[in-house]
2 protein chains.
Amino acid sequence: MPAGRWSEETESRSPVDVVARLGVVTSYARNAEIFGEDQAAEHVYVVLSGAVRICKLLGDGRRQIETFCLAGDVFGWETAPKHRFSAEAVSECKVIRVKKSILFARAADDAELSHALWALTAAELSRTQNHLLVLGRKTAQERVATFLLDMASRAGTSQGAVGVEVTLPMSRQDIADFLGLTIETVSRTLTHLEETAAIALPSSRRVVLRDSVVLKRLNS
Amino acid sequence: MPAGRWSEETESRSPVDVVARLGVVTSYARNAEIFGEDQAAEHVYVVLSGAVRICKLLGDGRRQIETFCLAGDVFGWETAPKHRFSAEAVSECKVIRVKKSILFARAADDAELSHALWALTAAELSRTQNHLLVLGRKTAQERVATFLLDMASRAGTSQGAVGVEVTLPMSRQDIADFLGLTIETVSRTLTHLEETAAIALPSSRRVVLRDSVVLKRLNS
DNA sequence: CGTATCCTTGATGCGAGTCAACCGAGGTGG
DNA sequence: CCACCTCGGTTGACTCGCATCAAGGATACG
């Protein structure tokens with residue numbers, strides 16, 4: 001496993017690998033809680049396989065999913081001593097858990113690692129800011145289209161290829177709570193996109209992006 | 001100006017001061033653009049006085065304000081070589097502009113500064129994530145209440161003091177674009193909060209928090 | 001005093017939420 | 001093997017909160 005220099009533009013494999021080598025692997029069952037809100041934040045996690053949802057709850061049970069973490073993504077990241085959100089396994093998944101104290105100690109005299117930690121946080125901030133625009137200003141159709149394109153690009157498919165099939169690891173409820181919609185609206189919107197031939201739905205969890213021009217127009 | 005050790009929990013004055021000493025001061029008129037979307041991101045900024053809005057636009061003109069930066073706040077922060085949002089002066093304001101390259105060079109062999117940069121980014125991420133919950137799941141009343149409490153606490157008033165008056169530097173349109181609402185809904189909601197004695201509005205830009213219990217219940 | 005800008009208020013419409021029924025894929029046990 | 005249940009998803013009828021459209025005030029400024 002080569003060290004690989006960190007560069008500002010690319011999300012090099014290196015920092016995640018560095019983190020990975022310092023921790024231990026744990027498995028979680030579907031819907032298992034990895035950590036809860038207000039729990040002590042002692043670890044940082046890297047997803048190896050499966051998917052994790054990061055969520056916040058309101059007193060009356062309303063839920064907002066901040067992000068979904070797929071293989072290679074890092075979460076648990078915080079300066080605060082307590083987590084300000086919870087993390088749950090969307091599907092059966094494996095994650096690496098690393099003590100924050102160990103990581104920080106190492107970063108203190110490793111400028112490269114230190115920069116990598118910062119870059120990862122900045123990247124997450126950028127994604128979160130994009131999502132703000134989605135939740136604040138986009139319609140249901142636009143939200144769903146944005147979500148599908150995002151999932152497709154994260155699944156590593158070549159950008160804009162026609163007929164790409166994406167398998168969604170999460171339920172409609174998860175999608176709804178991520179997009180600030182209800183389960184019914186998500187379902188109806190997907191049906192509508194299928195009726196207008198923008199996508200195909202061979203099964204509820206599998207989506208084929210048919211007309212990426214239409215989807216991208218909805219994306220902005 | 002003492003160096004002051006950076007501590008993980010407190011937002012020490014030190015890192016901002018360090019940044020401040022490396023840059024030059026510039027003034028901007030109301031509504032002036034400080035930088036635009038897709039412009040080269042060569043500087044980082046610190047607000048000295050006044051307020052700045054950070055925004056993103058959709059093709060058809062819909063706008064989402066990501067955050068308002070007040071005195072002491074840092075913005076412009078990004079790993080990417082181009083800005084992914086624009087920054088505009090909400091009111092007459094003064095900011096310090098620092099070359100990112102200089103700052104980064106310094107951070108490379110100053111672990112403390114490096115940690116400070118990371119902590120600032122993490123803090124902004126945390127605020128952005130809270131705002132996701134607001135935009136995704138809160139009602140208009142809750143959004144406005146959350147906003148008012150946030151502005152009050154940032155204005156440095158003692159938490160929860162009754163009768164605190166906050167002066168809002170931004171227009172109703174700015175508030176609406178921050179909260180994912182329309183100007184009319186913001187106005188009506190403020191009127192409604194006034195009618196129910198939760199707040200008082202001596203003038204349109206000045207808000208007195210009368211019943212912080214009601215406001216806090218709306219906050220979650 | 002006129003005008004521009006910002007804010008408020010009212011009437012009306014629509015997109016998404018709510019409530020409720022139904023469908024279909026597994027899974028389990030008689 | 002089939003009856004039954006459960007769980008996730010879809011669909012329909014209706015409601016409601018916020019947006020839209022449209023006037024009308026208030027404040028500041030030349």
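Owing to the predicted nature of the structure, the values given are computational and were not obtained by experimental measurement. Just so we're on the same page: letters track the sequence lines, and every chain starts at 1.
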**Study point:** Boundaries of the DNA chain C segment in contact with chain B, non-hydrogen, under 4.0 Å
**Key:** C/dC6 to C/dA11

Practice item. Look at the aromatic rings of B/F178 and B/H131 and report parallel, tilted or perpendicular, splitting at 30° and 60°. Key: parallel

Point to revise | For A/R84, side-chain hydrogen bond (donor to acceptor under 3.5 Å, both in side chains) partners two or more places apart | key: B/S126

Check your understanding: What string of B, S and - do you get for nucleotides 8-20 of chain D 5' to 3' if you count protein non-hydrogen atoms under 4.0 Å?
Key -> -SBBBB----SSB

Review point. Among B/R63, B/K56, B/R62, whose salt bridge (Lys or Arg N to Asp or Glu O under 4.0 Å) with B/D177 holds?
Key: B/R63

Review point. Taking the side chain as C-beta and beyond, is there a heavy-atom pair between B/V52 and B/Y45 under 4.5 Å?
Key: no

**Study point:** Heavy-atom side-chain proximity of B/F147 to B/V186 below 4.5 angstrom
**Key:** no

Point to revise | Any A/L135 side-chain heavy atom under 4.5 Å of A/Q64 side chain | key: yes

**Study point:** Close side-chain approach of B/L193 and B/L201, heavy atoms under 4.5 Å
**Key:** no

